[in-house]
Amino acid sequence: MTRLTWFNVTSLTLGFAFLYLPMVILIIYSFNASQLVTVWAGFSTKWYGELLQNEEFLDAAWVTIKVAVFSSTLATVLGTMAAYVLVRSGRFLGRTLFSGMIYAPLVMPEVITGLSLLLLFIGIGLDRGVFTIVLAHTTFSMCYVSVVVSSRLTSFDRSLEEAALDLGCTPFDAFRLVTLPIIAPAVISGWLLAFTLSLDDLVIASFTTGPSATTLPIKIFSAVRLGVSPEINALSTLMIAIVTIGVITASIISKRASVAQQRDEQAAARAS
């Protein structure tokens, strides 16, 4: 066990302060009564009320949530399938090309990804809107899901699947009843990662969006160019709260699933 030293404590403190102190300041100033975001004029929650009456921000938030939910769900399904093929299918013709195409968006600049998708949508005559943003976000986020699920499948004990097959399960039933519940924490983590990436994306969405679909990051970026308003501080605080609640909830679910899995494994070991 590593012993805590003053150097370690100081490094951790400075690191966490660098990451989270700006967020704490933003949250504090979201309750500022002044219209100037850098001048404190007392505690007030009026900007949250103003935000709830701002239809432009509310419409952008609704578009962002729809895009994030649909794209992360689709990316989780496709990313899990891709991970299963890469880990379980062994060597097959085109495997190197397939794995390279899966991992390429990890290192590809977002500008290139957004521009290439824009040219694709224009070439096939697809009107840009919510649907094109969902396709774009699914394209770049499914690789992250694939990486997370692949790491779990690599350490998965295949004897559990083989036992299920010996007991009469079909390969699909073995995956549905045995493999999927065990790798569920990784799948949930992949979904949350894809959801966060979609929620935060600005560059790719700006290339693939249309006049009828403006996401929240695009709306905030457009508003900030004219000056930071207290409503943006309130909106950012709400986004931080939503993400925090989501992460805590996912951690609790994953922890409970891990405890239940260990309990079932111990019960199976005692029974054998």
Side-chain angles (χ1 to χ4, degrees), residues 20 22-76 110 113-114 117-118 121 126-141 144 188 191-250:
Y20 296 108
M23 296 184 187
V24 173
I25 295 175
L26 183 145
I27 293 172
I28 293 174
Y29 273 92
S30 69
F31 297 99
N32 184 14
S34 173
Q35 193 170 2
L36 301 176
V37 295
T38 57
V39 178
W40 181 260
F43 181 86
S44 176
T45 59
K46 67 177 183 178
W47 300 115
Y48 289 89
E50 295 287 340
L51 177 63
L52 294 178
Q53 297 177 1
N54 192 322
E55 294 184 359
E56 293 182 357
F57 276 126
L58 294 179
D59 292 340
W62 175 238
V63 171
T64 302
I65 292 175
K66 287 194 299 183
V67 169
V69 170
F70 286 119
S71 63
S72 59
T73 302
L74 187 57
T76 301
E110 291 186 351
T113 303
L117 289 171
L118 172 62
F121 296 148
L126 188 61
D127 293 334
R128 285 174 291 163
V130 174
F131 182 65
T132 54
I133 303 177
V134 169
L135 293 179
H137 285 186
T138 302
T139 301
F140 82 88
S141 61
Y144 292 91
I188 295 173
W191 188 91
L192 287 172
L193 180 59
F195 182 84
T196 304
L197 291 172
S198 176
L199 202 68
D200 181 62
D201 177 67
L202 171 65
V203 178
I204 295 178
S206 63
F207 279 98
T208 57
T209 189
S212 61
T214 300
T215 61
L216 199 55
I218 296 177
K219 183 62 181 177
I220 293 175
F221 180 74
S222 300
V224 168
R225 294 175 65 181
L226 302 177
V228 180
S229 67
E231 292 182 15
I232 296 179
N233 290 344
L235 178 60
S236 302
T237 301
L238 291 177
M239 293 180 65
I240 292 173
I242 292 172
V243 172
T244 302
I245 292 173
V247 170
I248 293 175
T249 303

Can you tell me how far apart [atom1] ([X]) and [atom2] ([Y]) are? Round to the nearest 0.5 Å.
X      : Y      : atom1 : atom2 : value
Asn32  : Leu26  : CG    : CG    : 11.5 Å
Asp201 : Ser206 : CG    : OG    : 7.5 Å
Ile240 : Tyr20  : CD1   : OH    : 10.5 Å
Arg128 : Leu135 : CZ    : CG    : 13.5 Å
Leu202 : Phe207 : CG    : CZ    : 10.0 Å
Thr196 : Leu192 : OG1   : CG    : 6.0 Å

Over all heavy atoms of both residues, which pair between [X] and [Y] is shortest? Give the atoms and the distance, please.
X      : Y      : answer
Phe57  : Leu216 : O-CD1, 3.8 Å
Ser141 : Ser71  : OG-O, 4.4 Å
Ser72  : Thr76  : O-OG1, 2.6 Å
Gly129 : Ala213 : C-CB, 3.8 Å
Ala33  : Ala41  : CB-O, 3.7 Å
Ser34  : Pro230 : O-CG, 3.8 Å

A side-chain contact here means heavy atoms from C-beta on lying under 4.5 Å apart; do [X] and [Y] qualify?
X      : Y      : value
Leu51  : Leu238 : yes
Leu126 : Phe131 : yes
Asn233 : Trp47  : no
Thr214 : Val63  : no
Ile232 : Ile220 : yes
Asn54  : Leu58  : no

Any idea how Phe140 and His137 line up, ring-wise: parallel (<30°), tilted (30 to 60°), or perpendicular (>60°)?
-> perpendicular
For Phe31, which residues count as a ring-ring contact (aromatic ring centres under 6.0 Å, His included) partner, sequence neighbours excluded?
-> Phe43, Tyr48
Look only at the side chain of Thr132 and the backbone of Thr208, and say whether a donor-acceptor pair between them is shorter than 3.5 Å.
-> yes
